[in-house]
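Structure first, then comments.
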Amino acid sequence: MRRVLTAVVASALVALGSGGVAAGSERAVAGPVVPDVWGLVPEADLSYHGAAVMADGRMEVRVAPRNHGPSRVADSAVRLRWSVPLAAGAQGLPSGCVRVGVAEVVCRTGALAADASGERIEVGVRLRGRPQEVVLEVETAWSGGTVDRNRGNDRQRVLVLETGDAYYF
């Protein structure tokens with residue numbers, strides 16, 4: 001199953017013009033790995049913060065990517081995964097986002113300078129049925145050839161209730 005999802009994400013990133021994915025472990029580095037002048041793979045610490053609101057079977061998600069450094073990231077992508085399937089048919093996703101599974105969307109975050117925030121990503125999706133609660137997972141899908149040794153802050157999980165209230169992560 002993991003290999004199938006990796007292939008799906010790789011296809012999605014190619015469609016976005018971001019390159020392929022080289023898998024192998026939890027610390028897989030996606031895309032071309034370009035060593036720095038000392039022959040080391042650049043390191044960056046990506047994190048995501050934002051909010052999610054659910055009402056009437058629709059969820060709106062805002063995600064702000066940040067790179068804590070020390071290296072810049074040439075390009076990257078964030079994965080949004082819901083605990084319930086998305087509704088069938090077109091979702092009207094923003095530019096740079098693509099649906100890669102029954103309950104997953106991958107969005108390009110673009111280049112991230114060291115110690116800087118990226119552009120906020122806003123995604124609205126329709127969920128199958130009208131769930132009363134959904135778990136949203138946010139994590140790095142592709143790190144632009146950098147290694148992130150602190151994976152704890154780029155993996156967020158938030159329970160969102162169907163209240164119309166914002167749930168922050």
Side-chain angles (χ1 to χ4, degrees), residues 1-23 26 28 30-31 44-67 73-112 116-144 148 151-169:
M1 180 69 171
R2 185 170 188 88
R3 288 177 193 230
V4 171
L5 287 176
T6 300
V8 169
V9 171
S11 298
L13 291 173
V14 168
L16 290 172
S18 301
V21 174
E26 284 297 311
D45 183 14
L46 302 179
S47 68
Y48 306 98
H49 299 284
V53 177
M54 184 171 59
D56 299 322
R58 184 163 176 82
M59 185 180 289
E60 302 290 330
V61 179
R62 292 186 315 261
V63 177
R66 179 159 180 80
N67 176 10
V73 175
D75 201 2
S76 62
V78 63
R79 175 183 296 112
L80 307 174
R81 182 182 301 126
W82 291 265
S83 62
V84 300
L86 302 179
Q91 287 285 339
L93 297 173
S95 174
C97 293
V98 64
R99 185 172 177 172
V100 295
V102 175
E104 289 184 49
V105 170
V106 172
C107 296
R108 187 176 185 190
T109 63
L112 297 169
S117 295
E119 295 286 324
R120 186 168 70 180
I121 300 165
E122 296 184 17
V123 177
V125 295
R126 290 176 293 107
L127 303 168
R128 188 178 300 164
R130 293 186 58 142
Q132 296 298 303
E133 63 182 41
V134 173
V135 174
L136 170 67
E137 296 177 355
V138 180
E139 67 180 349
T140 300
W142 184 60
S143 61
D148 188 343
R151 296 299 308 268
N153 63 351
D154 72 323
R155 292 179 177 162
Q156 302 287 343
R157 235 182 125 148
V158 60
L159 175 65
V160 182
L161 303 178
E162 203 273 337
T163 61
D165 296 325
Y167 291 83
Y168 297 91
F169 55 91

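Since we're looking at a predicted model, the values are computed, not measured. Just so you know, residue 1 is the first one in the sequence shown, and it goes up from there.
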So, do [X] and [Y] sit near enough that their side-chain heavy atoms are less than 4.5 Å apart?
X	Y	result
C97	I121	yes
E137	R79	no
C107	V63	no
V98	L93	no
R66	H49	no
V135	R157	yes

Exceeds 12 heavy-atom contacts within 6.0 angstrom, atom CD of E133: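 No.
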Atom pair [atom1]/[atom2] of [X] and [Y] - distance to nearest 0.5 Å:
X	Y	atom1	atom2	value
R155	F169	CZ	CZ	15.5 Å
N67	D148	CG	CG	8.5 Å
E139	N153	CD	CG	12.5 Å

Check against side-chain contact (heavy atoms from CB on, under 4.5 Å), L136 and M54: CA-CA 11 Å; L136 170 67; M54 184 171 59; over 6 Å; no
Looking only at heavy atoms, which two atoms of [X] and [Y] are closest? And how far apart?
X	Y	result
P85	A103	CA-CB, 4.0 Å
D75	G110	OD1-CA, 3.1 Å
M59	A52	SD-CB, 4.2 Å
A55	G164	CB-CA, 4.2 Å
S76	S143	CB-CA, 4.2 Å

Salt bridge flag under 4.0 Å for residues E60 and R58: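 The answer is yes: the pair qualifies as a salt bridge.
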Check ion pair E104-R81 (N to O, under 4.0 angstrom): yes
Stepwise side-chain contact (heavy atoms from CB on, under 4.5 Å) check, V105 with W82: CA-CA 9 Å; V105 170; W82 291 265; 3.8 Å; yes
Residue of the set L161, V53, L159 for which side-chain contact (heavy atoms from CB on, under 4.5 Å) holds with Y167: L161
Criterion side-chain contact (heavy atoms from CB on, under 4.5 Å) against R99, the qualifying member of L86, V125, L80: L86
D154, T140, T109 screened by side-chain hydrogen bond (donor to acceptor under 3.5 Å, both in side chains) with Y48, the one that passes: T140
